[in-house]
Protein chains: 2
Amino acid sequence: MVGRPAVPEVIWARPERAGRGPKPAFSRADIAAAAVRIADAEGLDALSMRKVAAELGCGTMSLYNYVPRKEDLHELMLDAVSAGYEYPDPSGDWRADLLALAHQARGMMHRHTWVPRLMSPVYGFSPNALRYLEYALSCLDGVDARFGEKMELIAMLNGVVTTYTANEIATAERSRSLPWSEEQEQAARTGYLISQIMTGKYPRMAAGFAEDPGPIDLDAVFDRALARVLDSFASA
Amino acid sequence: MVGRPAVPEVIWARPERAGRGPKPAFSRADIAAAAVRIADAEGLDALSMRKVAAELGCGTMSLYNYVPRKEDLHELMLDAVSAGYEYPDPSGDWRADLLALAHQARGMMHRHTWVPRLMSPVYGFSPNALRYLEYALSCLDGVDARFGEKMELIAMLNGVVTTYTANEIATAERSRSLPWSEEQEQAARTGYLISQIMTGKYPRMAAGFAEDPGPIDLDAVFDRALARVLDSFASA
DNA sequence: GGTAGTTACGTACACCGTACGTAGTGCGGT
DNA sequence: ACCGCACTACGTACGGTGTACGTAACTACC
């Protein structure tokens, strides 16, 4: 009688529809879709309970019948975008299959640039997250390794994809968010960097930036990074 | 005359002390230390400009003379905790040196659990971040690789360390934030997980969780993950 | 048919980041 | 020496946030 979890329950544990009262006007999918629409259009910082409620056309506090905390809204959103994955039958080449999966993840994050920020702690246990994990495991069916090791590999892959894509997105947004003068800001930023390097305290960075490497092929870097992770697993 | 950057300047580019008026009452280090103290004690979500100002004993808006935006406060904080790194002379074994550096980073994040959340986008260009990069590069002095490749390795190491430690922290906090009944919550959480697995939709996860692997040695997992990244670089 | 549990939602609270205006302070130029 | 101005300090205020709480309407079960 003392307690009941009060709050920290997982949202997936509570049934979407309780049998008793009037039937809910929205489904979780509706709510998630509305939230995703807002976050896609205006960014994660502009996402508020009020805006989601307005998008749905209901009062702010009505939303709290479906989503007890904002954090749960985030879980719903992650699950919603994770519904878009395609899971072709594993080809037998687990390296290629996992690489393709990683590419899907990267593409998804580019479509929904707020995803990396919400993924920060850990990939949860929403239905679609479980599907994702199960599929990744199925790609590794032929591989002789313990369950724990496979999970480690998958976690590591997800981690690399997430941080890598987060970097891509951050860089892209940094240069987009300056309508007044992109060059000017870039100049100020790298100007400071140059001034620091000029102090001579960072000779290796100075030397590195001196040799012009030409344009960077981000796709290639991404593939190379993943290939390394996969190779290291194969050779273990 | 139209513009001036207005806001987006990097904080490190502006001088700490401007020559003209009365001398500032606080240094950036003071401010960063106060903010770090609050974030350590009460968590990142409890960190507000008002609290930092109160901790320093000045009016809220006075803070804005030193720190134009809250984001800049975050940069100051990251730089402050990065000041604690030790950079022993490279031993000649770059693998061991970088592993040691990674361990330092993990330790630092365990002391300041909010760091991974702020590191999300990219390791910036604060003075201590530059020192860190320069040292990591110096560890790779004997290695025959292009500058870009070395930077890729360092970025990847940082990424793995950050995501891995973020996971550790999230799990730890999840089980700490339940004074009412840790078992009960854990039961509810894994109870839901079990119920999902019982549906038979996730046979591989079911099988995996069925075989009890015993307690997991997180340190070993961490070392193994890093070793893989380093090995993959060595063999490339 | 009563009633208990749900849905809907308006109001209210505490808190946030920060724009803006004003007062005071001490350095630079004359 | 002194003036003027750039800087510091900070109170007030605005528009926003998440969400606790109370109330009214509704419906599925006993």
Side-chain angles (χ1 to χ4, degrees), chain A residues 3-9 11 13-28 30-31 34-35 38-39 42-77 114 117-118 177, chain B residues 3-9 11 14-28 30-31 34-35 38-39 41-77 114 117-118 177:
Chain A
R4 281 302 204 58
V7 145
E9 250 167 310
I11 188 165
R14 59 163 59 185
E16 177 152 8
R17 170 104 168 79
R20 216 38 162 279
K23 80 169 168 213
F26 314 104
S27 71
R28 272 180 196 163
D30 293 334
I31 296 170
I38 293 172
E42 309 178 45
L44 187 59
D45 292 328
L47 182 78
S48 72
M49 297 300 262
R50 282 173 236 263
K51 281 219 185 110
V52 176
E55 175 90 12
L56 289 170
C58 73
T60 305
M61 295 315 289
S62 310
L63 208 54
Y64 279 85
N65 288 323
Y66 304 87
V67 177
R69 291 162 297 146
K70 198 188 185 185
E71 181 188 315
D72 293 315
L73 181 67
H74 293 159
E75 285 236 35
L76 256 50
M77 294 168 69
W114 41 270
R117 276 178 57 187
L118 295 186
S177 71
Chain B
R4 283 298 205 61
V7 146
E9 249 166 311
I11 188 164
R14 59 163 59 185
E16 176 153 10
R17 170 106 169 81
R20 217 33 165 281
K23 80 169 168 215
F26 314 104
S27 70
R28 272 178 196 164
D30 294 333
I31 296 170
I38 294 172
E42 310 177 44
L44 187 59
D45 293 328
L47 181 80
S48 71
M49 297 300 261
R50 280 173 237 262
K51 281 217 185 113
V52 175
E55 175 91 9
L56 288 169
C58 73
T60 305
M61 294 315 289
S62 311
L63 209 53
Y64 280 85
N65 288 322
Y66 304 87
V67 177
R69 291 162 298 146
K70 198 187 187 185
E71 182 189 312
D72 293 314
L73 181 67
H74 293 159
E75 285 235 36
L76 255 49
M77 295 168 69
W114 41 270
R117 276 177 58 188
L118 295 185
S177 71

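Residue numbers start from 1 in every chain, and the chains themselves are labelled A, B, ... in the order their sequence lines are given, proteins ahead of strands. Remember, predicted model here, so these are calculated numbers, not experimental data.
Against DNA chain D, the stretch residues 42-51 of chain B makes heavy-atom approaches under 4.0 Å through B:Arg50.
Close to C:dG17, at under 4.0 Å from its OP1 or OP2, lies no side-chain N or O of B:Tyr64. The side chain of A:Ser62 places no N or O atom within less than 4.0 Å of a non-bridging phosphate oxygen (OP1 or OP2) of C:dA8.
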Pick out the pairs of N or O atoms, protein on one side and nucleotides 21-30 of chain D on the other, that lie under 3.5 Å.
| residue | atom | partner | partner atom | Å |
| --- | --- | --- | --- | --- |
| D:dA28 | O4' | A:Arg20 | O | 2.9 |

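Summary of helix geometry: the two end axes of the helix from C:dG1-D:dC30 to C:dT30-D:dA1, each defined by five base pairs via their C1' atoms, are inclined to each other by 10° (rounded to 10°).
Here B:Phe26 lies out of heavy-atom contact (under 4.0 Å) with every strand. Residue-level contact check: B:Ala53 touches neither bases nor backbone, having no heavy atom under 4.0 Å from any strand.
With salt bridges taken as basic N to acidic carboxylate O contacts below 4.0 Å, one links A:Asp45 and A:Arg117.
In the set C:dA8, C:dC9, D:dT17, C:dA8 carries the atom at the smallest distance from any side-chain atom of A:Tyr66. Nearest to the side chain of B:Thr60, among C:dC9, C:dT18, D:dA9, sits C:dT18.
The two residues B:Val67 and B:Arg69 come nearest to each other via the heavy atoms CG1-O, 3.1 Å.
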Just do the side chain to side chain contact (heavy atoms under 4.5 Å, CB included) check on A:Leu73 and A:Leu47 with the steps written out, would you? CA-CA 10 Å; A:Leu73 181 67; A:Leu47 182 78; 4.1 Å; yes

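Looking at A:Lys70, its side chain never comes within 3.5 Å of a backbone N or O of A:Met49 through a donor-acceptor pair.
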